[in-house]
Amino acid sequence: MTNLKKHENHTLSSEIDTGIKKIIEKELERQKSQIILIASENFTSQEVIRTMGSVLTNKYAEGYPGCRYYAGCENVDEAERLAIERANKLFGSDYCNVQPHSGVSANLAIFLGILNCGDKILSMNLRDGGHLSHGHKQNLSGRYYEIHKYCVNPETEMIDYEDVRNIAKKVMPKLIICGASSYSRIIDFKKFREIADEVGSYLMADTAHIAGLMVSGFHPDSVSVADFTTATTHKTLRGPRGGLIIADKKYAALIDRSVFPGVQGGPMMHIIAAKAVAFREALKDSFKDYSKRIIENSKALCEYMKNEGFRIVSGGTDNHLFVVDLTSKGLTGHEALGVLTSVGIIINKNVIPFDKLAPTITSGIRIGTPAVTTQGMGIGEMYKIGELISSALKNRENNTKLKEIAREVKSLAEDFPVYTKG
Ligand code: DSN
């Protein structure tokens with residue numbers, strides 16, 4: 001045999017990509033110096049970040065633990081089993097699938113599993129808080145299925161369950177979707193269940209936004225009432241970007257098939273392992289306390305904005321977010337986003353119920369508190385943020401004032417550091 005000796009692997013470069021490194025450093029700086037009020041964003045733990053950046057990213061593992069289409073899966077099998085075990089403990093379920101790459105993938109897998117092209121879905125209107133994957137005409141859901149919508153009540157701007165019932169009885173959908181991406185009120189999953197039972201439809205709860213609040217007991221549970229619960233792992237759950245499906249065990253084979261090979265190929269094992277890390281974190285008592293503080297902060301900031309004369313959609317919030325109607329302030333959501341970004345406050349422009357403006361312009365903004373709560377900010381800081389938002393919008397033509405506000409924003413954000421390195 002020739003003299004095979006251990007040697008350095010010269011095919012793998014250890015050279016640092018300075019271009020990308022610089023971008024990561026700049027992004028870290030941005031995250032450290034701005035006030036992030038995007039309701040769907042959060043700061044994960046360093047352990048989640050480390051796990052995502054691990055060698056698990058190298059492994060293909062199509063299939064499920066113990067039944068893969070690839071050899072060498074013994075370690076990733078363990079990771080996926082651990083993620084499943086922890087997710088089931090967290091959600092009080094006996095079956096879950098941790099492979100969906102995102103909330104949308106999770107939703108699509110449910111549709112593929114139980115619907116045929118042209119079947120009817122009843123879901124929340126996008127403008128009233130619903131999500132693109134619940135039937136937007138450009139989304140696969142809107143192209144392959146017959147979509148019917150329920151709106152919020154024009155007076156209360158909250159879900160009108162009688163109205164949902166009446167539409168359901170008329171439409172007789174095969175699937176009812178409850179869950180939203182900009183709805184600030186409690187969703188009564190039990191009422192949706194009653195309606196679904198009355199019309200013989202499946203019920204899917206998309207808990208992408210509220211999953212963390214729900215597992216902490218600060219939002220009613222969907223797992224015990226809906227046929228399918230989908231979630232994302234990166235919003236209030238504070239894990240890596242990804243999706244999740246929870247259902248009764250009787251649907252296990254159907255959902256597993258729908259995820260793989262239905263809508264996905266190889267699962268991302270580094271992300272699944274990072275989901276396991278996040279689930280372990282969310283099982284701790286400190287996570288319950290965190291969820292409670294998210295809502296306290298959201299309510300405090302919302303009340304402050306109300307006292308400053310801003311109209312809040314539905315009059316308030318029960319969860320991690322609220323939507324502000326800027327119509328009476330003579331501002332669009334798009335303009336407000338520009339002003340607030342210029343001072344380092346990061347929000348979404350957002351349509352409001354019955355909005356007459358396009359989704360690119362919007363009459364409102366969406367504000368959420370998961371990220372600032374992770375930073376350790378409390379009610380005092382929420383009042384300060386409310387003051388900064390209000391002042392920036394009032395003084396939007398005054399560059400000197402905006403610069404002063406920007407300095408205050410940076411200093412407040414830097415007082416609550418999360419990461420020391422990217
Ligand atoms: N989940 C959405 C959001 O609320 O930001 C993005 O699709």
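In what follows, residues are counted from 1 in the order of the sequence shown. Whatever order the structure lists them in is the order used to number ligands and atoms, beginning at 1.
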Would you please say whether a donor-acceptor pair under 3.5 Å links the side chains of [X] and [Y]?
X: Asn107; Y: Asp206; result: yes
X: Asp325; Y: Ser363; result: no
X: Tyr144; Y: Asn139; result: no
X: Lys288; Y: Ser291; result: no

Given His234, His209, His131, identify the one with the heavy atom nearest to atom 7 (O) of ligand 1.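 Looking at heavy atoms only, His131 sits closest to atom 7 (O) of ligand 1.
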Would you mind listing which atoms of ligand 1 come within a distance below 4.0 Å of any non-hydrogen atom of [X]?
X: Ser40; answer: 3 (C), 4 (O), 5 (O)
X: Arg366; answer: 3 (C), 4 (O), 5 (O)
X: Lys235; answer: 1 (N)

